[in-house]
Amino acid sequence: MNSFGRLFRFSIFGESHGPGLGVLLDGVPPGISLGAKDFLPDITRRRSGAPGTTPRQEADTPLLESGCHLGRTTGAPLLIRFENKATQSRDYEAFSQQPRPGHADWTARVKYKGCHDPRGGGHFSGRLTLGLVAAGVVAKKVLAGVVIQARLLSVGGRLDQEAAVSEAMGRGDSLGGLVACRVDKLPPGLGEPFCDSLESLLAHLLFAIPGVRGVEFGDGFAAADMSGSAHNDCIVDETGRTATNHCGGVNGGISNGNPLAFQVAFKPTASICAVQDTHHFGHKRVEALRVGGRHDACFALRTPVIVEAAAALVLADLVLLHRGPC
Ligand SMILES: Cc1cc2nc3c(=O)[nH]c(=O)nc-3n(C[C@H](O)[C@H](O)[C@H](O)COP(=O)(O)O)c2cc1C
């Protein structure tokens, strides 16, 4: 559904063009210093504005509506809300009748019997990741000392990201991208074998980010083509440090104390300027669709901080489980 975590649990709420959106966090330890300014660096990294991102500009001011008093978390549920102001909902009216290919218009229509909010993609909008990023800021504080860093490796398979995006936009098209994430100073012992393995939990939340099409740990799919002698990470000291990190810092579903390393593949934006043929439910035939509205030509550009947030939320929950409840 829209919630995740056991001791450190969050629920995402809101829509792209409704009054607002945000996140409710439960299990936040008391006494963590927290104010609106703490959210600014990560919120800024997620913002649009760069070439290839949506022209929609929102203030994205975090409103801390509960669970925070005198600049510290209280231990009560923490509600962080953001307002939507820069909406242009008329651009999305047609998609109820003629769903965009590659977006969630059709699946939302069939699952919610047409009751969903289609404006700006509604609850399926990438804007909902603002709540995830805000929750990630709190999770990173819970993980003090652990260093999580994600970066965009390539766009449309190319390293010259700006040129790739600009050429795609010139064609009225979109591109995806590949994000690498590395977590340093993560203690060993996090994660459980089988169903709650560290990889399963991370993949669960990473795939919750709209537009994610693949997640791989360490060498990932390339491991299938390697020999054991090439893939094994030899342990070189009593801390469990390994000479290489082909497995990405996880063995048996449990962190091994080496850097946690994974990559996330984002698809190209579904909403493109080029005309596409797709079924019109009102007219009962396939017709040409020109998608209006404001969109990211390459939303992957904005995702490294979202990937960090997802990782931080999973890891904070595991660290608190390791420590035991407050
Ligand atoms: C930060 C961010 C921004 C996004 N912006 C757009 C956008 O402008 N237009 C679009 O069609 N999809 C955008 N997406 C992707 C859609 O939200 C996503 O493709 C859609 O919800 C369907 O989900 P799926 O791709 O996981 O199947 C964005 C995703 C993220 C994470």
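Every number for a ligand or one of its atoms is a count from 1 in the order of the listing. Note: hydrogens, waters and symmetry copies are ignored here, and every other heavy atom, side chains too, is used.
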>> Does only the side chain of R127 get under 4.0 Å from ligand 1, or the backbone, or both, or neither? Count heavy atoms.
In response: neither
> Which residues satisfy the salt bridge (Lys or Arg N to Asp or Glu O under 4.0 Å) test with K267, sequence neighbours excluded?
Replying inline: none
>> I want to check something: taking the side chain as every heavy atom from C-beta on, are R81 and V23 in contact at a cut-off of under 4.5 Å?
In response: no
> What is the closest protein heavy atom to atom 15 (C) of ligand 1, and at what distance does it sit?
Replying inline: F299 CE2, 3.6 Å
>> Checking S16 against R56: is there a side-chain donor and acceptor pair closer than 3.5 Å?
In response: yes
> Quick one: does T269 get an N or O within less than 3.5 Å of an N or O on ligand 1?
Replying inline: no
> So N258 and N245, side chain to side chain donor-acceptor pair (under 3.5 Å) or not? Walk me through it.
Replying inline: CA-CA 7 Å; N258 289 276; N245 194 13; 5.7 Å; no
> Which atoms of ligand 1 have any heavy atom of I306 under 4.0 Å away?
Replying inline: 1 (C)
> Got an N/O contact under 3.5 Å between D296 and ligand 1?
Replying inline: yes
>> Taking the six-membered ring of F281 as reference, does the cationic atom of R109 (NZ for Lys, CZ for Arg) lie under 6.0 Å from its centre and within 45° of its axis?
In response: yes
> With backbone taken as N, CA, C and O and side chain as the heavy atoms from C-beta onward, which portion of R47 lies under 4.0 Å from ligand 1: side chain, backbone, both, or neither?
Replying inline: neither
> Any luck finding a side-chain donor-acceptor pair between T244 and D233 under 3.5 Å?
Replying inline: yes
>> Can you confirm, on distance only, whether ligand 1 has an N/O atom lying under 3.5 Å from any N/O atom belonging to F124?
In response: yes
> Looking at G211, which atoms of ligand 1 are within less than 4.0 Å of one of its heavy atoms?
Replying inline: 24 (P), 25 (O), 26 (O)
>> If the cut-off is 4.0 Å to any non-hydrogen atom of H295, which atoms of ligand 1 fall inside it?
In response: 7 (C), 8 (O), 9 (N)
>> Evaluate R46 for polar contact with ligand 1, using N/O atom pairs at a separation under 3.5 Å.
In response: no
>> Does only the side chain of T54 get under 4.0 Å from ligand 1, or the backbone, or both, or neither? Count heavy atoms.
In response: neither
> Just checking, is any N or O donor in the side chain of T269 or S271 under 3.5 Å from an acceptor N or O on the other one?
Replying inline: no
>> Return the closest protein heavy atom for atom 11 (O) of ligand 1 as residue, atom name and distance.
In response: S271 OG, 2.6 Å
> Any chance the side chains of T53 and S48 put a donor and an acceptor closer than 3.5 Å?
Replying inline: no
>> Among R56, H103, R213, R100, which one puts a heavy atom closest to atom 12 (N) of ligand 1?
In response: H103
> So between S125, S48, P210, whose heavy atom ends up nearest atom 31 (C) of ligand 1?
Replying inline: P210
> Taking the non-hydrogen atoms of A270, is any one of them nearer than 4.0 angstrom to ligand 1?
Replying inline: yes
> Would you call E308-R46 a salt bridge at under 4.0 Å N-O?
Replying inline: no
> atom 25 (O) of ligand 1: which protein heavy atom is closest, and how many Å away?
Replying inline: K267 NZ, 2.7 Å
>> Between R100 and D105, does any NZ, NE, NH1 or NH2 come within less than 4.0 Å of an OD or OE carboxylate oxygen?
In response: yes
